[in-house]
Amino acid sequence: MKFNVHGKTLQQQLSAVSKVVNAKNALSILDNFLLEVREDNLYITGSDQETVMTAKLEITNQGLDGKIAINAKRLMEVVKEVSNFPLTFEIEETTGTVDLIFPGGHFAFMGVDAAEYPQSFETDDLSIEMTIPAEVIQRGLDFTLFAISTETIRPMMTGVYWDFHEEDITFVGSDTHKLVRYVNTEYHPNRETSFILPGKPAGILRSLIGKDVENVRIRKDEKSAIFSFGDFRLGCRFVKGNYPNYNRVIPQDNPNELTVDRTGLLSAMRRVSLFASKASSLVKMTMDENSVILQSQDLDYSTKADERVSCSYEGSPLSIGFNSVYMLEVLNNLPGDSIVVKLSDPGRPGLFMPFEQKENENVVMLQMPMQVIE
């Protein structure tokens, strides 16, 4: 097996596939990339058993088709050092020897028998196929990924929920403290289906679909999906379980409405949170007609802070407590210059949304309140 490829192109594809490979694997073979040459293309595969990713790049094939597994860390380090050169790989599959030739020198190292590498899983014959605009997926993941849980005690909350309806696709992320619902009506799935995409493949998908990708083709069955876009193919298994009814959590009757500059509230929240209790991160918000007052204190260190932010408020006077860490995440991820905060009472969630929603989409971020002890 012998082929030519430019170092920079190879480095870029290796870097993309490396996002799947874990630092530590239960199966040692998964420490490797699988390199497969078929005609004039090189296919690079990485896997952690639950997620499999393959990148394709064009090469000049000077030998027979074939495949071999090469240690991912070593190959990344080696190619990085010669990324500015044209490279020639000469691989002897029977012995596993790899010769990497570049202008002025060469590296020699060993590969692993490709037969040991796990086979990529496929969706079944009853799979559903969809082609979704890449921008729809990217915006959905941009809004929701930050809100998913990292606690495996509730595995359903560790992924992004994709909920397809006849006229829209809805993305949901939640860790029970906050929830984000993004609805896009630009794309019409014309079907009812759903799945929970784990956080790792969701993050990889978001990072790789950029301006150069127009559409993402999805093939899915009940347990897994394969996403195909550009030169990449990403396969993963879904999170098992039923996602909670997210619409039921979002309160509908919210008579108190605060309109405020997002950046101004964010900056004030960041300053006031410095003096909040490290145990609770509690910041109290008190609203009146023209302003919202942020207050925090830490009784253990006898510190406190308050700051007034100009706003427009309609409703009854109200004081409500929020975790400032989650609040900062919400404010950082909300779009637009001005936001609307809808409230009902101190014991019910607050709803945060852009003052002006973009056409064909609706973004709502919910945060659970905290008890304020006067």
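Bear in mind the structure is a predicted one, so any value in this text is a computation, not a measurement.
Judged by distance alone, the side chain of N32 and the main-chain N or O of N71 form a donor-acceptor pair under 3.5 Å. The backbone N or O of G264 lies less than 3.5 Å from no partner atom in the side chain of S267, so there is not a single donor-acceptor pair. Not one N or O on the side chain of Q297 forms a donor-acceptor pair closer than 3.5 Å with the backbone of Q295. Side chain of N254 to backbone of E257: no donor-acceptor contact under 3.5 angstrom is found. A donor-acceptor pair under 3.5 Å links the side-chain atoms of Q357 to the main chain of V363, judged by distance alone. Looking only at distances, no side-chain donor or acceptor of D168 sits under 3.5 Å from a matching main-chain atom of V183. In terms of modelled atom types and a separation under 3.5 Å, the side chain of N215 and the main chain of T131 share no donor-acceptor contact. Under the 3.5 Å distance criterion, the side-chain polar atoms of S277 are left unmatched by any main-chain donor or acceptor of S281. Looking only at distances, a side-chain donor or acceptor of S296 sits under 3.5 Å from a matching main-chain atom of V272.
At a cut-off of 3.5 Å, with distance as the only test, a side-chain donor of N4 or T88 sits close to an acceptor on the other residue. Counted by atom type alone, E361 and Y182 present one or more donor-acceptor pairs between their side chains at under 3.5 Å. Side chains of D163 and Y246: a donor-acceptor N/O pair is present below 3.5 angstrom, by distance only. Remark: the T94 side chain and the E92 side chain contain an N/O donor-acceptor pair separated by less than 3.5 Å. Side chains of K220 and T193: a donor on one and an acceptor on the other come within 3.5 Å. Side-chain polar atoms of D40 and N61 form no donor-acceptor pair below 3.5 angstrom.
Taking the side chain as every heavy atom from C-beta outward, M353 and K342 approach each other to under 4.5 Å. Inter-residue side-chain proximity for V160 and L145 is flagged as met; some heavy-atom pair is nearer than 4.5 Å. Under the 4.5 Å side-chain criterion, counting only non-hydrogen atoms from C-beta, M76 is not in contact with K80. Residues Q13 and V79 form no side-chain contact, since every pair of their non-hydrogen atoms from C-beta on lies 4.5 Å or further apart. For the pair F322/I320, a side-chain contact is recorded, criterion being any heavy-atom separation below 4.5 Å from C-beta on. Using a 4.5 Å heavy-atom threshold, the side chains of V260 and I339 count as touching. For the pair E58/N41, a side-chain contact is recorded, criterion being any heavy-atom separation below 4.5 Å from C-beta on. V216 places a side-chain heavy atom less than 4.5 Å from the side chain of I209.
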Given L10 and Q12, is the side-chain contact (heavy atoms from CB on, under 4.5 Å) satisfied, shown in steps? CA-CA 5 Å; L10 179 59; Q12 290 171 347; over 6 Å; no
side-chain contact (heavy atoms from CB on, under 4.5 Å) between H165 and T170: does it pass, once the steps are laid out? CA-CA 8 Å; H165 308 103; T170 299; 3.9 Å; yes
Determine whether S291 and D288 satisfy the following criterion, side-chain hydrogen bond (donor to acceptor under 3.5 Å, both in side chains), listing intermediate values before the conclusion. CA-CA 6 Å; S291 65; D288 59 30; 2.9 Å; yes
CA sep, side-chain torsions, deciding dist, call: S228, R233, side-chain hydrogen bond (donor to acceptor under 3.5 Å, both in side chains): CA-CA 5 Å; S228 301; R233 182 178 183 269; 4.9 Å; no
side-chain contact (heavy atoms from CB on, under 4.5 Å) between D99 and F107: does it pass, once the steps are laid out? CA-CA 6 Å; D99 278 307; F107 299 129; over 6 Å; no
Take D221 and S224 through the test side-chain hydrogen bond (donor to acceptor under 3.5 Å, both in side chains) and record every step on the way to the result. CA-CA 6 Å; D221 55 25; S224 60; 3.3 Å; yes
CA sep, side-chain torsions, deciding dist, call: M156, I196, side-chain contact (heavy atoms from CB on, under 4.5 Å): CA-CA 7 Å; M156 289 86 71; I196 307 172; 4.1 Å; yes
One pair to check against side-chain hydrogen bond (donor to acceptor under 3.5 Å, both in side chains): S319 and T286. What are the steps and the verdict? CA-CA 4 Å; S319 291; T286 302; 2.9 Å; yes
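Tracing side-chain contacts under 4.5 Å through hydrophobic residues (I, L, V, M, F, W, Y), one never reaches Y161 starting from M130; they form parts of separate clusters. In the hydrophobic clustering of ILVMFWY residues, with side-chain heavy atoms under 4.5 Å counting as a link, L266 and F352 come out together. Residue V82 is grouped with residue I91 when hydrophobic side chains (ILVMFWY) are merged at heavy-atom distances under 4.5 angstrom, including chains of intermediate members. Side-chain heavy atoms closer than 4.5 Å link hydrophobic residues (I, L, V, M, F, W, Y) into clusters, and following such links, possibly through other members, connects V37 to I68. L42 and V112 are assigned to two separate hydrophobic clusters, defined by single-linkage of ILVMFWY side chains at heavy-atom distances under 4.5 Å.
When each of R308, M285, M327 is paired with L294, the side-chain contact (heavy atoms from CB on, under 4.5 Å) condition holds for M285 and for no other. Of the listed residues (K200, E50, Q49), just one forms a side-chain hydrogen bond (donor to acceptor under 3.5 Å, both in side chains) with N22, and that residue is K200. Residue V249 forms a side-chain contact (heavy atoms from CB on, under 4.5 Å) with just one option from V172, L366, T176, and that option is L366.
Seen from the ring of F227, R217 does not count as a face-on cation partner, given the 6.0 Å and 45° thresholds.
Nearest heavy-atom pair, T51 versus D48, reported as atom, atom and distance to 0.1 Å: N-OD1, 2.6 Å. L87 and G7 make their closest contact through CD1-CA, 3.6 Å (heavy atoms, listed as atom of the first residue, atom of the second, distance). Scanning both residues, P103 and F85, for their nearest heavy atoms gives CD-CB, 3.7 Å.
Within the model, atoms CG of L343 and CZ of R348 stand 10.5 Å from one another, a figure rounded to the nearest 0.5 Å. One finds the CD1 atom of I148 at 12.5 Å from the CG atom of L179 (value rounded to the nearest 0.5 Å). Here the CE atom belonging to M287 is positioned 5.0 Å from the OH atom belonging to Y313, to the nearest 0.5 angstrom. Taken to the nearest 0.5 Å, the OG atom of S280 stands 4.5 Å off from the CE atom of M370. Taken to the nearest 0.5 Å, the OG atom of S273 stands 11.5 Å off from the CG atom of L282. Remark: R237 CZ to L197 CG distance equals 13.5 Å, nearest 0.5 Å.
Between F275 and Y301, the distance separating the two ring centers is not shorter than 6.0 angstrom.
A salt bridge links K358 to E135: one of the charged nitrogens lies within less than 4.0 Å of a carboxylate oxygen. Comment: E166 does not engage R191 in a salt bridge, judged by the lack of any side-chain N to carboxylate O separation of less than 4.0 angstrom. K304 and D298 are not joined by a salt bridge, as no carboxylate oxygen comes within less than 4.0 angstrom of a charged side-chain nitrogen.
Ring geometry, F89 versus F3: the interplanar angle falls under 30°, so the pair is classed parallel (tilted spans 30 to 60°).
Around the CD atom of E356, the shell of radius 6.0 Å holds no more than 12 heavy atoms that belong to other residues, nucleotides or ligands. Open room surrounds CZ on F355; 12 or fewer heavy atoms of other groups in view lie less than 6.0 Å from it.
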